[in-house]
Amino acid sequence: MDVLTTLTAEKPVVIFSKSTCCMSHTVKALIWSFGANVSVIELDKMPSGQQVERALVQLGCHPSVPAVFIGQQFIGGADEIIKLNVQNKLAQLLLRAKAIFI
C-alpha cells in the first residue's frame, strides 16, 4: 500500500479511475461540480497501473475503480461518494481537505 500513500500524499482529492469506466466518469464529474481541486490517476494509462489496482483491491475497493481518497483517507467507490453527496456530507469532507473553499 506504500504506492497508494505515495500517490495520495499532499493532494486534497485523488481519484483512481479507468478512462473507459462510466462510474469513474460520474464520480469525477460529481466532485468537479463542487469546483474541487482533483488529481485523477487513470490506471489504464499508467505503466504501473496493474500494481496500483492490486493495492486498491487489497485495501478493499471492489470494484477497483473508481477509488476516491479525500484528505489522504480512503473514502470508497461510487456508491460511497454518491451516498455522501445525498447526505450532504461530501462538501464537508472536501472543505476539510481544503479541496474547495467557500
Side-chain angles (χ1 to χ4, degrees):
M1 288 201 230
D2 290 331
V3 68
L4 296 177
T5 303
T6 301
L7 291 170
T8 60
E10 299 179 27
K11 296 178 183 125
V13 180
V14 177
I15 301 173
F16 292 94
S17 172
K18 288 187 180 176
S19 59
T20 58
C21 175
C22 65
M23 291 310 292
S24 291
H25 175 75
T26 301
V27 167
K28 290 185 283 189
L30 173 61
I31 294 177
W32 278 326
S33 74
F34 286 92
N37 177 16
V38 179
S39 295
V40 176
I41 299 173
E42 300 287 0
L43 298 180
D44 57 337
K45 303 282 185 186
M46 65 184 297
S48 61
Q50 289 181 336
Q51 176 189 5
V52 174
E53 190 169 2
R54 281 192 297 274
L56 290 168
V57 169
Q58 287 178 346
L59 187 63
C61 197
H62 299 284
S64 59
V65 295
V68 180
F69 288 74
I70 300 176
Q72 293 79 41
Q73 297 291 319
F74 175 62
I75 303 301
D79 290 345
E80 291 82 4
I81 295 301
I82 292 168
K83 181 171 83 174
L84 286 169
N85 187 51
V86 168
Q87 295 171 340
N88 292 318
K89 294 180 181 176
L90 183 56
Q92 296 167 20
L93 282 174
L94 295 170
L95 276 168
R96 271 189 250 133
K98 295 185 168 87
I100 62 174
F101 303 93
I102 294 180

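The structure displayed is predicted, hence computed values, not measured ones. Side chains included, hydrogens not; waters and symmetry mates left out as well; all remaining heavy atoms used.
- Every pair passing salt bridge (charged side-chain N to carboxylate O under 4.0 Å, His left out) that includes a residue from residues 9-27 is listed here, sequence neighbours excluded: Lys18-Glu53.
- Looking at heavy atoms from C-beta onward, Ile82 lies in side-chain contact with Met23 at the 4.5 angstrom threshold.
- Distance alone, capped at 3.5 Å, is enough to place a donor-acceptor pair between the Thr26 side chain and the Cys22 backbone.
- Gly35 and Ile100 get closest at one heavy-atom pair: C-CG2, 3.9 Å.
- The stretch residues 41-52 participates, sequence neighbours left out, in these side-chain hydrogen bond (donor to acceptor under 3.5 Å, both in side chains) pairs: Ser17-Glu42, Ser19-Asp44, Lys28-Glu42.
- Ala99 pairs by the side chain to side chain contact (heavy atoms under 4.5 Å, CB included) definition with Pro12, Val13, Ala36, Leu94, not counting sequence neighbours.
- For residues 19-56, there are no ring-ring contact (aromatic ring centres under 6.0 Å, His included) pairs, not counting sequence neighbours.
- Contact record, Pro66 with Cys61: O-SG, 3.9 Å, taken as the closest heavy-atom pair.
- Remark: of the listed residues Ile81, Leu90, Val38, Leu30, Ile81 is the sole one forming a side chain to side chain contact (heavy atoms under 4.5 Å, CB included) with Val68.
- Listed by first then second residue, pairs satisfying side-chain hydrogen bond (donor to acceptor under 3.5 Å, both in side chains) with a partner in residues 74-102 number zero, not counting sequence neighbours.
- With a 4.5 Å cut-off on side-chain heavy atoms, Ile41 and Leu7 count as touching.
- Linking Ile, Leu, Val, Met, Phe, Trp and Tyr whenever their side-chain heavy atoms come within less than 4.5 Å leaves Val57 and Val52 in two separate clusters.
- Phe16 is linked by a ring pair (Phe, Tyr, Trp, His ring centres under 6.0 Å) to Phe69, counting only residues two or more places apart in sequence or in another chain.
- Counting only residues at least two apart or on different chains, no salt bridge (charged side-chain N to carboxylate O under 4.0 Å, His left out) pair has a member in residues 60-75.
- Considering CD1 of Ile75 and CG of Leu84, their distance stands at 7.0 Å, rounded to 0.5 Å.
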